[in-house]
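In this text, all values refer to a predicted model and were calculated from it rather than measured experimentally. Every heavy atom of this structure was used, including side-chain atoms; hydrogens, water molecules and symmetry mates were not.
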Amino acid sequence: MTRRAALATAAAGALPAQNAVSAWQPPAEMVEAHDKAIDTRLQAQILTKGHRFYGGFADADGLVHGGATGGALHTFGLGYILPRSRHHKSPLMLERMKLVCGYLDAHTSPEGNIDLLITNFNSPPDTAFMIWGVGQIGALARRLGVSEVEKIVEPVLRRSGRALATGGIHTPNHRWVASSALAQIHELYPDTSYVKRIGEWLAEGIDIDSDGQYTERSTGGYNGITNRAFTILAAKLNRPELLEPVRRNLDAMLYLLHPGEEVVTDISRRQDLYTAGTMAGYSLSLKYMAVRDGNGVYETLSRRFPPSLGDTMEYAELQQPGPAPKPVPADYVKEMPFIQVGRVRRGERSATVMLDGRSRFFGIRNGKAVIEAVRLGSLFFGKAQFQPQRCWRARDVDGRPQWVLEESMEAPYYQPLHPAESVGTEEWGAKRRLRAKTQMNYLSYRATVTETAKGFTLRFDVEGPKDLPVMIEVALRPGGQLSGVEPHPREHGCHLLKSGFATYSAGGGVVRFGPGMAEHQAVAGRGIEPRLPGPTVFLTGFAPLSHTLEIEA
């Protein structure tokens, strides 16, 4: 029997009854934190009668979004339900919830969908995200017998259910968010159309690859959202097999963590790309799966990123102490061939090698001292930012991993057309392919990335036209102290490492890199990507070039 089959068999029918009343009482600090959130919401709600967005909540630009406003139903409703809350059974909570519903009545489409004014209108996905909170309040109100709260949210839930049973999506994760929202509504107000729609989305198959990543590879955002959706689906529909993708993704994430549990976002296909994110968005699935699987590593992360008050009240697993914590992997070499990334972790040292052809092909950190990216470029015909075409794991060196990344290109000049023909203003590109090429120029890049006992070496080999200016760029995360370099005479925030080694320190962590090389001051040009935020250090030379950058971390 496979591990998956064994887990499914053991769990079949074992998901808790969602309508059971729990004796669990939240810690005082959780209740007080929620009460403070209520206080903030009370001050922010638009109470001017006749206002376009009466009953809603404006963002910094004065825009009011359905989802953010609908979230107030969760905030106020939870305060009303919580026995230890300062707002428990407060008529003010019911009054403000009714104002929110009035806003939603006025700003919901005829199909039953809300708007996200910065981008989405008549939006089923944003409606589904709203239901995560509203549905939870409905479930808790039903379970605890607080009928006055359920009565307020019921019209919103029924209207949204009809919308989601037919509505469309934009992105892969929206399928699962919509399905989980329908499962929440179905638990309260059963409807075969909801289950049918969930089945239609699931019939497409769950989009998780062999490296445990969903389509969007959004480690800092949509991974956690998708895991949450499948956890809700599994619990509400009593389908424990839907926890398998959650398990696979959490297992993969163990090898995409920097020190301090910051996630590797270099692989993302969404807006969290290259941002600093954590596992906070995984909180529900981490604790749920820690208890379900008896997984001490998940438990460790769950204690670092505990689930919310509402989630803990709703799901009995989250109220349990969980298994004995076990350490998160922190000493490994891990290759993920499908998503084309290599990871090396040695305690506080964490390195990522991107093997998918992007210019930011290497990053490393020691604690909070972070080299966000190393890039390579040259002034070769305005098109020579290094973006590897070929990447592979080479033979280990002294038992440590090595990767090789290569790119080659050419740049010709063009001869007159023979036989001669007219070239119109819109035909240049098409006709250029017919021209003979002369004065051919060739460029080849090779970067060899090798782990060492102290960190890494990056050997750069550039073959191209004699005297071609070449630039090696080391981009650092803002906030640290940089020494051993000289400011660029014209470019603010840019430095040259002329010789020796540079040192970058932050939060007790240190990275050191060199030796330097500064044969020219050209650090930008046609085809070269803009510098990243934060201090940037350049090493410069001319082709043909061979230089080894040593990084100690």
Start with the C-alpha gap between Leu497 and Val474, add the side-chain angles, then the distance that decides, and say whether side chain to side chain contact (heavy atoms under 4.5 Å, CB included) holds.
CA-CA 10 Å; Leu497 181 58; Val474 181; over 6 Å; no

Should the heavy atoms of other residues, nucleotides or ligands under 6.0 Å from [atom1] of [X] be counted, would the total exceed 12?
X: Glu204; atom1: CD; result: yes
X: Arg526; atom1: CZ; result: no
X: Lys383; atom1: NZ; result: yes
X: Gln481; atom1: CD; result: no
X: Asp398; atom1: CG; result: no

If every non-hydrogen atom of [X] is compared with every non-hydrogen atom of [Y], which pair is closest and at what distance?
X: Leu250; Y: Ser285; answer: CD1-O, 3.9 Å
X: Ala229; Y: Ser180; answer: O-CB, 3.4 Å
X: Ala183; Y: Leu233; answer: CB-CD2, 3.9 Å
X: Leu257; Y: Glu261; answer: CD2-O, 4.0 Å
X: Leu379; Y: Gly525; answer: CD2-CA, 4.0 Å
X: Ala181; Y: Ala128; answer: CB-O, 3.8 Å

To the nearest 0.5 Å, what is the distance between [atom1] ([X]) and [atom2] ([Y])?
X: Asp126; Y: Phe121; atom1: CG; atom2: CZ; answer: 10.0 Å
X: Thr536; Y: His492; atom1: OG1; atom2: NE2; answer: 10.5 Å
X: Ser308; Y: Tyr315; atom1: OG; atom2: OH; answer: 10.0 Å
X: Ile131; Y: Leu164; atom1: CD1; atom2: CG; answer: 6.5 Å
X: Glu372; Y: Tyr274; atom1: CD; atom2: OH; answer: 10.0 Å
X: Leu545; Y: Tyr445; atom1: CG; atom2: OH; answer: 10.5 Å

With side chains defined as the heavy atoms from C-beta onward, is the minimum distance between [X] and [Y] less than 4.5 Å?
X: Leu254; Y: Leu301; answer: yes
X: Thr219; Y: Met253; answer: yes
X: Pro329; Y: Val297; answer: yes
X: Thr352; Y: His258; answer: yes
X: Thr226; Y: Asn249; answer: no
X: Phe513; Y: Leu476; answer: yes
X: Ser123; Y: His170; answer: no
X: Pro535; Y: His495; answer: yes

The test is side chain to side chain contact (heavy atoms under 4.5 Å, CB included); show your working for His547 and Val470 and say whether it passes.
CA-CA 11 Å; His547 187 79; Val470 178; over 6 Å; no

Keeping the roles fixed (side chain from [X], backbone from [Y]), state whether a donor-acceptor pair exists under 3.5 Å.
X: His488; Y: Glu491; answer: yes
X: Arg459; Y: Thr548; answer: no
X: Tyr298; Y: Arg247; answer: yes
X: Asp211; Y: Ile339; answer: yes
X: Arg358; Y: Asp266; answer: yes
X: Gln385; Y: Leu376; answer: yes
X: Arg349; Y: Lys454; answer: yes
X: Arg435; Y: Lys437; answer: no
X: Thr127; Y: Ile114; answer: yes
X: His520; Y: Met471; answer: no

Taking only Lys NZ, Arg NE, NH1 and NH2, and the carboxylate oxygens of Asp or Glu, determine whether [X] and [Y] approach each other closer than 4.0 Å.
X: Arg269; Y: Glu216; answer: no
X: Glu299; Y: Arg303; answer: yes
X: Arg228; Y: Asp311; answer: yes

Cation-pi check for Tyr222 against Arg270: NZ or CZ below 6.0 Å from the six-membered ring centre and within 45 degrees of the axis, yes or no?
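That pair qualifies as a cation-pi contact.
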
Apply the test side chain to side chain contact (heavy atoms under 4.5 Å, CB included) to residues Phe362 and Leu405: give CA-CA distance (whole Å), side-chain angles for both, the deciding distance (0.1 Å), then the verdict.
CA-CA 11 Å; Phe362 182 78; Leu405 304 86; over 6 Å; no

Take Leu318 and Tyr288, measure what side chain to side chain contact (heavy atoms under 4.5 Å, CB included) needs, and give me the verdict at the end.
CA-CA 6 Å; Leu318 278 56; Tyr288 195 94; 4.0 Å; yes

Give the ring-plane orientation class for Trp132 versus Phe129, where under 30° counts as parallel, over 60° as perpendicular and anything between as tilted.
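Perpendicular, since the angle between the ring planes exceeds 60°.
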
Would you please classify the geometry between the Tyr413 ring and the Phe381 ring as parallel, tilted or perpendicular, with 30° and 60° separating the classes?
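Judged by the thresholds at 30° and 60°, the geometry between Phe381 and Tyr413 is perpendicular.
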
No-hydrogen, no-angle side-chain donor-acceptor test under 3.5 Å, [X] and [Y]:
X: Asp461; Y: Ser546; answer: yes
X: Ser350; Y: Arg343; answer: yes
X: Ser359; Y: Glu529; answer: yes

Phe361: partners by ring-ring contact (aromatic ring centres under 6.0 Å, His included), with sequence neighbours left out
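Once residues adjacent in sequence are excluded, the partners of Phe361 under the ring-ring contact (aromatic ring centres under 6.0 Å, His included) criterion are Phe386.
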
Option from Asp272, Val263, Leu273 for which side chain to side chain contact (heavy atoms under 4.5 Å, CB included) with Ser218 holds
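One option only clears the test, and that one is Asp272.
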
